[in-house]
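Quick notes on the structure that follows.
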Amino acid sequence: MTLSMNHPFHNPGGKTMPTSAALLEWYDRHARDLPWRIGPARIAKGVRPDPYRVWLSEIMLQQTTVAAVKAYFRKFTEMWPDIESLASADEQDVLKAWAGLGYYSRARNLKRCADAVVREHAGRFPQTATALRELPGIGDYTSAAIAAIAFGEAVPVVDGNVERVVSRLHRIDTPLPVAKKEIRAKAALMLDPARPGDFAQAMMDLGATLCTPKRPACMHCPVRRMCRALATGDPETFPVKAPRRAKPRRRGAAFVIEHPEKGWMLERRGGSGLLAGMTQVPTTAWTARQDGTTDTSEAPAGVSRWRRCGSIRHVFTHFELELDVHHAVAELPLEAGQWWSASDEIGGEALPTVMKKVLALAIESKLAENS
DNA sequence: AAAGCGTGGTT
DNA sequence: TAACCAAGCTT
């Protein structure tokens, strides 16, 4: 390590309070109260969180906001209160419950991980980050988070919040993701081995509530005296990130087919790639965007009259999609992998948000036409 | 190892 | 509005 000897992070016995102490003192007073969390007061009394709930919340929170996760976390813990019940569930039921939360490979890996823990680890999660890292859906961040929070292992936990906090504290101007190793090393130096879980969550709470991407509340920050980016007056410029690629546009047509008695025609998407294993209405391929609107030449055969409902737009991670929605009432024969879903069943299907938009538009435009 | 993978909120 | 962002993982 090449830290100068008078730097506060390297001087825990000196006049300046170590960063971890200042941070934990703040966390003891300002920790967010979250459904999957045991607060610092109860942790101090020796209470440990349920590893199953820690794991479930961490998977859900990957690239996902706390606000979006809360309702799903409650639903999942009601439906599957422990690892054994989740391991006993059908994958399709897990996907149905996950529908709307996004990044659906997380749900498939969640199920695979539950199976592995029950079958290969006697229903107990491994207690170290290294061992957790071997399980499906658990990478560098999640393995460290579970190990620190649920099992008290003294490992640095580096998520997007910590990257932001550490890159500002040390004014690291190397762009991400190249700077990751350096950030991890700095976080490891700061870590309080007596309270690894609290320390990890304190860093994340700081990043989420004060050390925010825009307009950080530096005046309320417990570690502002140690912050080099604040000292130079430009904390908002950190972390530096590599430029993003442009988002292309794609277009396609979706076909909402309504059986007069049986409901809507649905089908299951393939097992890999975008929205893998999720449910959809029949659609054309989604291809590089062209001008003009799509027609029904690629629609399922046997429909005498299509009604054009309009189009929906949806933004995925790496492209924007515009789907022209067509509706018809028809008694078509079902192909393999298709089924009719009645109106009281369709809410429980594994429909991703883009498909909920398609169905909502078809129903809305039908009602408008009939009124 | 760069790219694929959802969605909703904020600016 | 478009860009950016949120407790990343997989291949």
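The structure displayed is predicted, hence computed values, not measured ones. Order of the sequence lines sets the chain letters (A, B, ...), proteins ahead of strands, with each chain counted from 1. Values below: all heavy atoms of this structure, side chains included; hydrogens, waters and symmetry mates excluded.
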Just how far, in rounded Å, is [atom2] of [N] from [atom1] of [X]?
| X | N | atom1 | atom2 | answer |
| --- | --- | --- | --- | --- |
| A:K70 | C:dA6 | NZ | C1' | 14 Å |
| A:E236 | C:dC5 | CD | C1' | 13 Å |
| A:H318 | B:dC5 | NE2 | C1' | 6 Å |
| A:F319 | B:dG6 | CZ | P | 9 Å |
| A:R106 | C:dG8 | CZ | P | 9 Å |
| A:L176 | C:dC5 | CG | P | 11 Å |
| A:E320 | C:dA3 | CD | C1' | 11 Å |
| A:L95 | B:dG6 | CG | C1' | 13 Å |

**Whichever of A:P177 and A:S272 has its nearest DNA chain B nucleotide further upstream toward 5'** = A:P177
Compute whether any side-chain donor of one residue and acceptor of the other, for [X] and [Y], lie under 3.5 angstrom apart.
| X | Y | answer |
| --- | --- | --- |
| A:T283 | A:W286 | yes |
| A:W339 | A:E349 | yes |
| A:Q280 | A:E267 | yes |
| A:R195 | A:S20 | no |
| A:H327 | A:R307 | yes |
| A:N109 | A:R106 | no |

**Prompt:** Would you call A:D33 and A:R37 a salt bridge, using N to O less than 4.0 angstrom?
**Reply:** no
**Message:** What I want to find out is whether A:R251 reaches A:E322 closely enough, with some N-O distance under 4.0 Å, to be called a salt bridge.
**Reply:**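 Yes, this pair counts.
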**Request:** Map A:M204 and A:N109 onto DNA chain C by nearest heavy atom, then report which one ends up closer to the 5' terminus.
**Result:** A:M204
Under the 3.5 angstrom rule, does the side chain of [X] hit a backbone N or O of [Y] as a donor-acceptor pair?
| X | Y | answer |
| --- | --- | --- |
| A:S85 | A:D82 | yes |
| A:T284 | A:A253 | yes |
| A:K247 | A:T317 | yes |

**Message:** Over all strands shown, is A:S57 touching base, sugar-phosphate only, or nothing at heavy-atom distances under 4.0 angstrom?
**Reply:**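 It contacts nothing in the nucleic acid.
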**Within residues 143-168 of chain A: residues closer than 4.0 Å to DNA chain C (heavy atoms)** = A:D159, A:G160, A:N161, A:R164
**Asked** When you measure from every atom of DNA chain C, which of residues 32-40 of chain A have a heavy atom less than 4.0 Å away?
**Response** A:R32, A:L34, A:W36, A:R37
Pairwise [atom1] distance, [M] and [N] [rounded to whole Å]:
| N | M | atom1 | result |
| --- | --- | --- | --- |
| B:dG6 | C:dC4 | C1' | 15 Å |
| B:dC5 | C:dC5 | C1' | 16 Å |
| B:dT7 | C:dT11 | C1' | 23 Å |
| C:dT10 | B:dA1 | C1' | 12 Å |

**Message:** Enumerate the side-chain hydrogen bond (donor to acceptor under 3.5 Å, both in side chains) contacts for residues 135-144 of chain A, please, sequence neighbours excluded, ordered by first and then second residue.
**Reply:**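 Listed by first then second residue: A:E58-A:Y141, A:Q62-A:T142, A:R133-A:D140.
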**Ring centroid separation A:H314 to A:F316 under 6.0 Å** =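 Yes, the ring of A:H314 comes within the 6.0 Å limit of the ring of A:F316, centre to centre.
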**Request:** Give a yes or no on whether the ring-centroid distance for A:F73 and A:W36 is below 6.0 angstrom.
**Result:**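 Close enough - the centres of the two rings lie under 6.0 Å apart.
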**Prompt:** Who passes salt bridge (charged side-chain N to carboxylate O under 4.0 Å, His left out) against A:R249, sequence neighbours left out?
**Reply:** A:E320
Are any protein N/O atoms closer than 3.5 Å to N/O atoms in nucleotides 7-11 of chain B? If there are, list each pair with its distance.
| unit_1 | atom_1 | unit_2 | atom_2 | d |
| --- | --- | --- | --- | --- |
| B:dT7 | OP1 | A:Y104 | OH | 2.8 |
| B:dT7 | OP1 | A:T353 | N | 2.6 |
| B:dT7 | OP2 | A:H314 | NE2 | 2.6 |
| B:dT7 | O3' | A:T353 | OG1 | 3.4 |

**Request:** Give each stem of DNA chain C as a range with a range, requiring at least 3 consecutive Watson-Crick or G-U wobble pairs whose two distances are under 3.5 Å.
**Result:**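 The stems are B:2-5 with C:8-11, B:7-11 with C:2-6.
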